[in-house]
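Working notes, structure below.
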Amino acid sequence: INAIAETLRGTQYHLIITHMFQDEDKLKPVRYIVETGSADAIIMNQTEPDDPRVAYLMEKKFPFATHGRTGSEKHAYFDFDNVEFGRIGVEELVRRGRKHLILIAPPQSQYYAKNTIEGASAAAEAAGVYLRTVRRTNSDESGEGVRAIVQNILEHEPEVDGIICSSPTAAMGSVAAAEQMGRAVGADIDIFGKEAVPFLKLFRKEIIVMPENVSQAGEFLARAVMQAINEPDLPPLQALEVPDP
């Protein structure tokens, strides 16, 4: 949000934030903006495969960009390569001798969950190690919610020695669960997490961390929607942040 606002600074545009409630139709706030003309363009996240918001906005020829892909190459987007995140996570844990892994992925409805699972599953198969995606929780869950589920898993599957987490909250909840079960992070279990703001190492220095550059994402998305407004006939701006191992 800061990066979007900073990029718009000094232009004729400014940033309005509209919340999307989880218990309502995701299309509702988008339709309201289009029908009322209350904005010139939309930047949205939590993208889904074949996202209905994308179909609606493309039908209405309304300028927009997404933080995350949707399976369509016809609109502006910026995304983090979560296939690589999943792959690198598995390979790093395997390099440390881990053989029984679980993945706390994003909510299954979101596009980057598909990417994360795809990358992690392919890497686990290639390495010949066990990997299971946890279905009873996800990386958007509260830390306490993740802790309870992971603790239950470790009680029933003590052989689990590696956890891949798609959010800092999931990583912290997993650490709490492991320590509650008497496990030592970095010794008999490893946790691989992703963060946009560097603090996981301050929480537990043994966590393996992959950074995500959301400032780059915000700056790019702001430029993408300004182009979509001012030069709609140009190809949409698209970018993918590919993490380093």
Side-chain angles (χ1 to χ4, degrees), residues 1-22 24-85 106-107 109-113 115 139-140 166-169 194-199 209-244:
I1 291 171
N2 286 339
I4 292 170
E6 186 63 34
T7 306
L8 296 177
R9 187 178 181 180
T11 74
Q12 61 182 313
Y13 304 107
H14 64 277
L15 180 63
I16 301 169
I17 299 173
T18 300
H19 190 71
M20 183 194 70
F21 296 99
Q22 294 299 321
E24 72 177 9
D25 180 5
K26 294 180 73 170
L27 193 53
K28 181 180 177 181
V30 172
R31 186 184 290 114
Y32 174 83
I33 291 168
V34 173
E35 290 178 352
T36 62
S38 53
D40 298 298
I42 295 174
I43 297 172
M44 55 193 183
N45 67 352
Q46 296 186 347
T47 54
E48 301 176 353
D50 303 316
D51 198 305
R53 300 171 298 172
V54 168
Y56 174 78
L57 290 167
M58 292 182 69
E59 178 188 350
K60 297 295 183 180
K61 295 181 168 51
F62 192 88
F64 74 98
T66 61
H67 188 199
R69 286 168 291 176
T70 63
S72 171
E73 292 298 319
K74 296 181 180 180
H75 65 83
Y77 66 76
F78 186 96
D79 200 7
F80 182 85
D81 192 337
N82 286 286
V83 174
E84 281 296 284
F85 167 73
S109 63
Q110 295 183 28
Y111 194 85
Y112 80 118
N115 291 155
S139 60
D140 282 2
S166 289
S167 73
T169 303
K194 179 171 62 172
E195 66 182 5
V197 179
F199 72 87
V209 178
M210 174 175 286
E212 179 177 1
N213 191 340
V214 291
S215 293
Q216 179 186 358
E219 185 271 336
F220 185 92
L221 290 167
R223 289 194 292 107
V225 291
M226 285 192 286
Q227 176 180 294
I229 295 167
N230 298 316
E231 301 176 279
D233 294 330
L234 289 180
L237 292 179
Q238 300 170 339
L240 182 67
E241 179 188 352
V242 181
D244 294 324

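Positions are given from 1 along the sequence. None of the values given here were measured: they were computed from a predicted structure.
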Validation row: Leu8, Ile4 side chains within 4.5 angstrom (heavy atoms): yes

Validation row: Thr169, Ser139 side chains within 4.5 angstrom (heavy atoms): no

Least distance between heavy atoms, Pro106 atom then Ser166 atom: CD-OG, 3.4 Å

Heavy-atom check, side chain of Thr7 versus side chain of Met226, under 4.5 Å: yes

Distance-only side-chain donor-acceptor flag, His75 / Thr70, under 3.5 Å: yes

Residue pairs involving residues 215-241 (criterion ring-ring contact (aromatic ring centres under 6.0 Å, His included); sequence neighbours excluded): Phe78-Phe220

Spacing of Tyr77 atom OH and Met44 atom CE [to the nearest 0.5 Å]: 14.0 Å

With Tyr32 via side chain to side chain contact (heavy atoms under 4.5 Å, CB included) - residues at least two apart: Thr36, Ser38

Partner residues of His14 under the ring-ring contact (aromatic ring centres under 6.0 Å, His included) criterion, sequence neighbours left out: none

Side chain to side chain donor-acceptor pair (under 3.5 Å) against Glu231, all qualifying residues, sequence neighbours excluded: none

Spacing of Asp79 atom CG and Leu240 atom CG [to the nearest 0.5 Å]: 6.0 Å

CG on Leu221 to CD1 on Ile42, rounded to 0.5 Å: 13.5 Å

Sequence-distant partners of Pro29, side chain to side chain contact (heavy atoms under 4.5 Å, CB included), two or more places apart: Thr18, Met20, Glu24

Set of residues satisfying side chain to side chain donor-acceptor pair (under 3.5 Å) with respect to Asp140, sequence neighbours excluded: none

Arg53 bridged to Glu48 by N-O distance under 4.0 Å: no

Shortest non-hydrogen separation from Tyr111 to Gly71 and the atoms involved: CE1-N, 3.6 Å

Residues in side chain to side chain contact (heavy atoms under 4.5 Å, CB included) contact with Asn213, at least two apart in sequence or another chain: Ser215, Gln216, Glu241

N/O donor-acceptor pair under 3.5 Å between Gln110 side chain and Asn45 backbone: no

Shortest non-hydrogen separation from Ala217 to His67 and the atoms involved: CB-NE2, 3.7 Å

Exceeds 12 heavy-atom contacts within 6.0 angstrom, atom CG of Leu234: yes

Donor-acceptor pair, side chain of Asn82 and main chain of Phe80, under 3.5 angstrom: yes

For Glu219, all residues meeting side chain to side chain donor-acceptor pair (under 3.5 Å), sequence neighbours excluded: Arg223

Within-4.5 Å side-chain heavy-atom neighbours: Thr66 and Ile43: no

Verdict with reasoning, Thr47 to Arg69, per side chain to side chain contact (heavy atoms under 4.5 Å, CB included): CA-CA 7 Å; Thr47 54; Arg69 286 168 291 176; 5.7 Å; no

Partners passing salt bridge (Lys or Arg N to Asp or Glu O under 4.0 Å) against Arg31 (at least two apart in sequence or in another chain): none

Side chain proximity check, Val214 to Val197, heavy atoms < 4.5 angstrom: no

Phe85 vs Met210 side-chain heavy atoms within contact, under 4.5 Å: yes

With a cut-off of 3.5 Å and sequence neighbours excluded, list every side-chain donor-acceptor pair involving residues 56-65.
none

Side chain to side chain contact (heavy atoms under 4.5 Å, CB included) involving Val209 - partner list, sequence neighbours excluded: Glu195, Leu200, Lys201, Ile207

Under the side chain to side chain donor-acceptor pair (under 3.5 Å) test, residues paired with Asn230 that sit two or more places apart: Tyr13

Spatial distance of atom CG (Asn115) from atom CD (Glu84) [nearest 0.5 Å]: 11.0 Å

Approximate separation, where rounding is to 0.5 Å, of Gln238 CD and Ser72 OG: 8.0 Å

